[in-house]
Amino acid sequence: MTAARRFARDRWALTGFVFLALLVVVAVAAPLVVGRVLHASPYRLGMMDKVKEGGRLVDVVSDGGIPIGPSASYPLGADLIGRDVLSRLIYGARVSLLVSTMGTLLAVLLGLLVGLLAGFYRGTVDTILSRFVDAMMAIPILLLAIALASVLPQGNVWTVVLILGLVNWTYLARIVRGEVLSLREKEFVEAARALGANDSVILARHLVPNLVGPLLVFGTLSMAGNILLESALSFLGVGIQAPTPSWGNMIQEGMAFYSVAWWVVLFPGIAILLTVVSLNLVGDGLRDALVPGSQERIGL
Amino acid sequence: MTSYVARRLAWCVVVLVMVCAITFVIFFAVPGNPAQLIAGKYATPETIALVEKRLGLDQPLPIQFGRFLVHAAYGDWGFSYVSQQPVLATILTAFPKTLSLTFGAVVIWLLLGIPAGILSALKPGSIWDRSTMVFTLVGISAPAYWIGLVFLRVFADRMGWFPLGDYTEMGQGLLAWAHHLVLPWITLALLYAGWYARMTRAQMLDIARLDYVRTAYAKGLDKRVVVGRHIFRNALLPLVTMLGMDVAYLFGGAVLTESVFGIPGIGGLAWRAIRMRDLPMVMGTVLFAALFIVVANLIVDLLYFALDPRIQRETS
């Protein structure tokens, strides 16, 4: 049975995959979705506008100065300055998905490079790189990210991508190194060497293709972590900056008024939760599909 | 034994120096002038020059790093840019609060995670197992700060069972202390309870497949004895390693939990420091956390060495 079919038989993984696919479609088509279906763009401040609520025009902020809760015109409510939470969630998905995908790609590239070098050349190269990885891993990821965020230029989406990449590659490097250490002893590598292949050919043609599976599995799981990390950074105020909506900074903005306007905090959190659950399910499903014999195991 | 300990200690020192190097590179060697950052946005060139001189930033980088190491080793971690208080003393004052948070969270997650994992492993595929795995998946996927906010809204604001954030010292009464910490404990514990349930389950299932377990059953031993003595004890070992590391790594999770619940621990300190752009304080918390993790790692390794006769044989 091929890996794809094994994956497709895993109902949980498939559910996660379908959710993510839908999310990507909605995020990419955000201007269409928000423009046609929903009340307002995430950037437009609607405080002065009136909206139809139960057949009559009302202010976006109710008489008590409280934002409007979930209703016909605002499916998931409006935030503190009258912006539609659902449309901000959809635009936030663009930012959160883009940033964590790019951050994960950067981490995978760095991890692949360092892991390959350490595992293939062993000896001094390995010792230096591995000790460096150990030292990086001795700093909690969130603190390392905060430290980087406090010195790098703020308010830039690419800064957040850089931070995610720089703090997450270490454990990928460890995994790649482990794989390479066992792969380099395999007969096909020996055969390639006997045929006169040099190091770069062996690395590129024989080792990297065999690493695609593990990288796919751990890249997916690490992207789940990156969604959480990006949201945490934005929540702490050092990630994506307002007015660009990100799920994390939406929660942070709503935090001060969560006792009256709970929807501003609740829905972005659910969006994060569902996305991360889906990524974890897909990651687990990929592992089961690509690493035969691991079916009964769940979790890392 | 002594050579093992000596090697581990040497390794510890190497990692510590490298951690210092990473911290140093982040805060002092990145493009952009740290003196400018420390002196603030509106500093005059004279002020910046003064800060540069005082911090030794006009020296070459290797010399700066040497000075940085010496200062770090002597406990001179600089002064907070905001409060003007010494960084290390501020961190040490905040430390017990983070320990209070960590302690309760560890107890809760072990009590939740390990039994749940064992019960799951006993009947893989059962309703209990499936629902536990769904629950743990939610636990490891939810943003901790959001869970904290939801708890605050439901159990503190709506129900009124717990105080809305804030922190009470243990000295002011054990009950008041615990009452203030229950929600932060559970918030922090949920994430790890999920991991531990999954780890326990996976470990137990792995070990249950081994030959000696089959032998134990073949000898006619009772299932309870096999599970308790043969499987669970061995499954516990990797959990010990995980626990040592996680307790140390909690500093990361503590930033979010402490900022949501207003606990003035190290995490809360780090959070305020970032908002204020208080670089010496951010650097201090990073160094302190790394130090703590390296030491915890060492203790775990030595414990492991004492607990597992196999390692002793390998190294002797």
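When reading the values below, keep in mind they use all heavy atoms of this one structure, side chains included, and skip hydrogens, waters and symmetry mates.
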Of the backbone (N, CA, C, O) and the side chain (C-beta and beyond), which part of [X] lies under 4.5 Å from a heavy atom of chain B, both, or neither?
| X | result |
| --- | --- |
| A:L266 | both |
| A:V238 | side chain |
| A:W247 | neither |

Contact class of [X] relative to chain A, heavy atoms under 4.5 angstrom:
| X | answer |
| --- | --- |
| B:A270 | side chain |
| B:I22 | side chain |
| B:V19 | both |
| B:V134 | side chain |
| B:L291 | neither |
| B:P143 | both |
| B:V138 | both |

Pairs of heavy atoms under 4.5 Å with chain B: top-ranked of A:V276, A:L281, A:L236
A:L236

Identify which of A:A147, A:G237, A:A145 forms the greatest number of heavy-atom pairs closer than 4.5 Å to chain B.
A:A147

How about A:F17: does its CZ atom have over 12 heavy atoms from other parts shown lying under 6.0 Å from it?
no

Tell me whether the count of non-hydrogen atoms from other residues, nucleotides or ligands lying under 6.0 Å of CZ in A:F19 goes above 12.
yes

Nearest-0.5 Å distance, [atom1] of residue [X] to [atom2] of residue [Y]:
| X | Y | atom1 | atom2 | result |
| --- | --- | --- | --- | --- |
| B:S141 | A:N280 | OG | CG | 4.0 Å |
| B:M18 | A:I128 | CE | CD1 | 8.0 Å |
| A:Q252 | B:S259 | CD | OG | 9.5 Å |
| A:F235 | B:L149 | CZ | CG | 5.0 Å |
| B:L256 | A:L142 | CG | CG | 5.0 Å |
| A:W12 | B:R130 | CH2 | CZ | 8.5 Å |

Worked verdict on B:I293 versus A:I139 for side chain to side chain contact (heavy atoms under 4.5 Å, CB included)
CA-CA 8 Å; B:I293 287 173; A:I139 306 175; over 6 Å; no

Is there side-chain contact between [X] and [Y], with at least one heavy-atom pair below 4.5 Å?
| X | Y | result |
| --- | --- | --- |
| B:W271 | A:I146 | no |
| A:I270 | B:W146 | yes |
| A:L228 | B:Y145 | no |

So which residue, B:V17, B:V286, B:L287, ends up with the most heavy-atom pairs under 4.5 Å with chain A?
B:V286

